Amino acid sequence: MATRPGPLTEWPWQRLGNFKYVVMAPVVVHGARRVAGGGWGDIDLAFALILPSLLLRMAHNQIWISAARYQTARSKHRIVDRGIEFDQVDRERGWDDQIILNGLFFYVGYLLIPSARHLPAWRADGAAAMALLHAGPVEFLYYWFHRALHHHFLYSRYHSHHHSSIVTEPITSVIHPFAEHMVYYFLFAIPMLTTVYMGNASVLGFVLYIAYIDFMNNMGHCNFELVPKWVFQLFPPLKYLMYTPSFHSLHHTQFRTNYSLFMPFYDYIYNTMDKSSDQLYQSSLRGTEETPDLVHLTHMTDLQSAYHLRIGFASIASKPSNRSMWYMWTLWPLAWLSMVFAWVYGSSAFVVERIKLKKLTMQTWAIPRYNFQYGLNWERESINDLIEKAILDADARGVKVLSLGLLNQAKQLNGGGELFRQKYPKLRVRLVDGSGLATAVVLKSIPHDAKQVFLQAGPSKIACATASALCEKGVKVIMNPKKEYDMLKSQIADSRASYLKNSSNHMPQIWLVDSIDDKEQKMAPQGTIFIPISQFPIKKIRKDCTYLSTPAMKIPETMQNIHACENWLPRKVMSAWRIAGILHALEGWTMHECGDAMMDAEKAWSAAISHGFVPLTKA
């Protein structure tokens with residue numbers, strides 16, 4: 001929102017939320033009636049392409065969003081070395097509003113202007129006229145309108161909304177108040193309406209002109225330089241006809257320079273070009289090589305998680321993963337396509353995120369595999385190969401710590417990472433499974449006055465460490481069935497084993513659970529507190545019980561570039577397993593925490609608190 005919002009700031013359909021697409025219903029109904037009355041032959045090309053062109057624009061923009069987020073996480077050509085936060089993602093959530101408005105304008109224009117109907121598919125002379133009209137009137141009028149928007153009266157009421165984003169993403173380009181967008185569309189309508197009245201307009205000419213606007217808008221708001229130097233060397237006048245991301249980035253950091261739309265020649269003419277434009281372009285192209293101190297190695301979970309990644313859909317990634325949202329089901333075809341593509345072509349981990357804490361630089365890499373694939377025996381070798389490749393890559397690049405997230409540390413897959421430590425005894429990168437901190441978070445989640453707990457888990461590292469710590473405190477740990485009890489008891493010291501009990505009759509109200517089905521949940525007494533000890537959340541079926549989060553903590557306020565949720569966790573909350581890797585890097589711990597090796601829980605907890613991580617619950 002602008003500093004002092006003016007009239008017509010809100011979009012007319014803003015209160016409709018995700019149902020805003022119903023405003024396109026007249027176009028759909030009109031088309032259906034024409035098809036029903038006269039068949040498909042009654043639909044001319046100009047009308048038929050209104051809706052498909054909008055879908056193509058959305059796809060075009062989404063490709064830019066994903067590609068830009070991927071590049072800013074890994075590229076050395078970043079322009080502004082700062083992060084974006086959740087408030088920017090929320091502000092830019094409505095990037096498709098202008099596409100809806102564009103569709104409505106095309107529809108109204110088709111109805112009101114008879115000469116806009118039955119246009120030919122292509123007219124070269126019309127396309128040339130549109131190009132000249134854009135370079136002339138559109139660029140000129142935009143330049144002066146843009147300068148006017150930076151007058152304090154209009155800036156505070158409208159344009160400050162756009163400039164709230166210092167670090168830009170492709171979608172930042174179209175984040176403006178409704179009134180501002182109306183002016184832009186009148187400007188962009190000049191070439192199209194002129195060619196309509198000249199009689200040389202064409203459907204493809206309109207589509208390509210809008211595609212050009214989208215392309216230049218998205219490209220110019222990337223936070224990395226991508227226009228190669230040879231382009232300007234090959235055709236030097238191009239520097240006056242095409243801006244670059246670094247050129248426009250200066251407008252967002254300096255505010256009073258580089259006002260041009262796409263063609264900088266008006267900034268040259270009126271002496272408003274930033275003096276450092278060429279220098280920033282050169283330095284951004286050279287870039288700065290960066291080696292992350294820490295890598296967190298994760299993977300996709302369910303099919304929908306592909307677009308919940310930071311490089312997926314920005315608005316979805318900024319919220320905890322939620323399969324129950326109605327619109328998520330419409331994306332199933334895309335989810336399946338992503339899974340097949342990742343399975344066939346995913347030959348290495350890919351970068352999805354770059355964050356900073358103090359002087360520590362971190363990246364998140366994702367193995368292109370899903371939960372169900374980790375359960376396939378014939379996939380285990382290939383998954384371990386992918387993990388091994390990521391570890392060796394991190395080691396070769398000088399990464400200090402690599403934390404194994406989710407099933408990448410599964411005991412039945414690679415012994416909790418021990419397979420790689422034994423295979424490569426000279427590894428410089430420290431492998432961390434985070435079990436020490438995860439155990440500490442579980443223990444701190446249990447009420448201090450608890451006398452007994454029910455442990456519904458197998459003999460995992462965390463289950464064993466948690467049970468051992470509770471028994472040492474004199475807290476009775478009850479287990480059922482006997483098989484899991486016997487397996488866990490064999491791993492607990494004899495001096496503590498007396499507090500570990502096997503019983504199916506007595507059920508405490510504190511349950512520590514690894515995996516639990518609906519039937520087992522129904523056995524819990526009313527008022528039970530379910531405390532997960534695994535990385536995956538429990539299905540909530542009981543309204544009379546309390547469900548705590550998977551082991552996690554709130555991140556420090558100083559952590560930068562956090563604008564996506566970690567799977568099902570709330571905003572600005574990070575899993576204990578991931579935090580453990582950060583602590584290893586910050587503290588300079590040299591041990592591998594994998595296999596049977598485990599960091600002291602109290603030591604890990606104290607380090608987390610000292611570095612600003614905050615517990616989610618107070619026991």
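Only heavy atoms go into these numbers, but all of them, side chains included; no hydrogens, no water, no symmetry mates. Remember, predicted model here, so these are calculated numbers, not experimental data.
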Please determine whether the number of non-hydrogen atoms from other residues, nucleotides or ligands lying under 6.0 Å from atom [atom1] of [X] exceeds 12.
X	atom1	value
Trp336	CH2	no
Arg93	CZ	yes
Phe372	CZ	yes
Lys400	NZ	no

With a 3.5 Å cut-off and no angle check, do the side chains of [X] and [Y] form a donor-acceptor pair?
X	Y	value
Gln71	His77	no
Asp302	Asn371	no
Ser606	Glu602	no
Thr528	Arg542	no
Thr364	His296	no

* With ring centroids as reference points, do Phe536 and Trp568 lie under 6.0 angstrom apart? ->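 Yes, the ring of Phe536 comes within the 6.0 Å limit of the ring of Trp568, centre to centre.
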* Asked: Per the salt bridge (charged side-chain N to carboxylate O under 4.0 Å, His left out) rule, which among Arg78, Lys76, Arg397, Arg74 passes with Glu289?
  ->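 Between Glu289 and the candidates, salt bridge (charged side-chain N to carboxylate O under 4.0 Å, His left out) is satisfied uniquely by Lys76.
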* To do: Please name the residue in the list Ile391, Asp393, Leu294, Val295 that meets the side chain to side chain contact (heavy atoms under 4.5 Å, CB included) test with Val429.
  =>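 Testing each of Ile391, Asp393, Leu294, Val295 against Val429, the sole residue satisfying side chain to side chain contact (heavy atoms under 4.5 Å, CB included) is Ile391.
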* Asked: Only one of Thr72, Val351, Ile355 forms a side chain to side chain contact (heavy atoms under 4.5 Å, CB included) with Arg310, so which one is it?
  ->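 Single side chain to side chain contact (heavy atoms under 4.5 Å, CB included) partner of Arg310 among Thr72, Val351, Ile355: Thr72.
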* To do: Given side-chain hydrogen bond (donor to acceptor under 3.5 Å, both in side chains), test Glu472 with Ser468 step by step and report yes or no.
  => CA-CA 6 Å; Glu472 189 171 339; Ser468 180; 5.1 Å; no
* When Lys461 is tested against each of Asp596, Thr439, Thr466, Asp433 for side-chain hydrogen bond (donor to acceptor under 3.5 Å, both in side chains), which residue passes? ->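 Of the listed residues Asp596, Thr439, Thr466, Asp433, the side-chain hydrogen bond (donor to acceptor under 3.5 Å, both in side chains) partner of Lys461 is Asp433.
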* To do: For side chain to side chain contact (heavy atoms under 4.5 Å, CB included), just list the numbers for Met599 and Leu437, CA-CA rounded to whole Å, side-chain angles, deciding distance to a tenth of an Å, and then say yes or no.
  => CA-CA 8 Å; Met599 178 63 64; Leu437 182 61; over 6 Å; no
Check whether any side-chain heavy atom of [X] lies under 4.5 Å from a side-chain heavy atom of [Y], and answer yes or no.
X	Y	value
Glu557	Lys572	yes
Leu357	Leu586	yes
Tyr499	Val477	no
Thr550	Gln535	no
Leu548	Thr546	yes
Ile63	Asn218	no
Val453	Pro508	no
Glu169	Trp95	no

Minimum-distance pair of heavy atoms, taken over all atoms of [X] and [Y]:
X	Y	answer
Ile562	Met574	CD1-CE, 4.4 Å
Leu443	Ala469	CD1-CB, 3.7 Å
Asn502	Asn480	ND2-CA, 3.9 Å
Pro525	Cys545	O-SG, 4.0 Å

* To do: Check whether any side-chain N or O of Glu388 sits under 3.5 Å from a backbone N or O of Phe420 as a donor-acceptor pair, and report yes or no.
  =>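 A pair under 3.5 Å: no.
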* Asked: If you look only at pairs with a residue in residues 337-366, which of them pass as a salt bridge (charged side-chain N to carboxylate O under 4.0 Å, His left out), with sequence neighbours excluded?
  ->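 Found Asp81-Arg354, Asp81-Lys356, Glu290-Arg354, Glu353-Arg578.
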* **Chi angles and distances behind the side chain to side chain contact (heavy atoms under 4.5 Å, CB included) call for Glu418, Leu431** => CA-CA 9 Å; Glu418 183 67 11; Leu431 302 183; over 6 Å; no
* To do: Any chance you could measure Lys554, atom NZ, to Met559, atom CE, to the nearest 0.5 Å?
  =>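 Rounded to the nearest 0.5 Å, the NZ-CE separation comes to 15.0 Å.
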* Asked: Say you draw a straight line from CD1 of Ile516 to CD1 of Ile538; how long is it, rounded to the nearest 0.5 Å?
  ->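 Answer rounded to 0.5 Å: 6.5 Å.
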* To do: Could you walk me through whether Thr172 and Glu92 pass the side-chain hydrogen bond (donor to acceptor under 3.5 Å, both in side chains) test, one step at a time?
  => CA-CA 6 Å; Thr172 307; Glu92 298 178 350; 2.7 Å; yes
* How are the rings of Tyr307 and Phe313 set relative to one another: parallel (under 30°), tilted (30 to 60°) or perpendicular (over 60°)? ->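 Taking Phe313 first and then Tyr307, their aromatic rings sit tilted (interplane angle of 30° to 60°).
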* In terms of ring plane angle, is the pair Phe454 and Trp511 parallel, tilted or perpendicular, where the classes change at 30° and 60°? ->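 The arrangement is tilted - the two ring planes meet at 30° to 60°.
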* Asked: Run the side chain to side chain contact (heavy atoms under 4.5 Å, CB included) check on Tyr374 and Asn408 step by step: do they pass?
  -> CA-CA 9 Å; Tyr374 281 75; Asn408 289 327; 2.5 Å; yes
* To do: Go through the steps to decide whether Arg430 and Glu593 satisfy the test side chain to side chain contact (heavy atoms under 4.5 Å, CB included), and finish with yes or no.
  => CA-CA 8 Å; Arg430 303 293 94 179; Glu593 188 183 21; over 6 Å; no
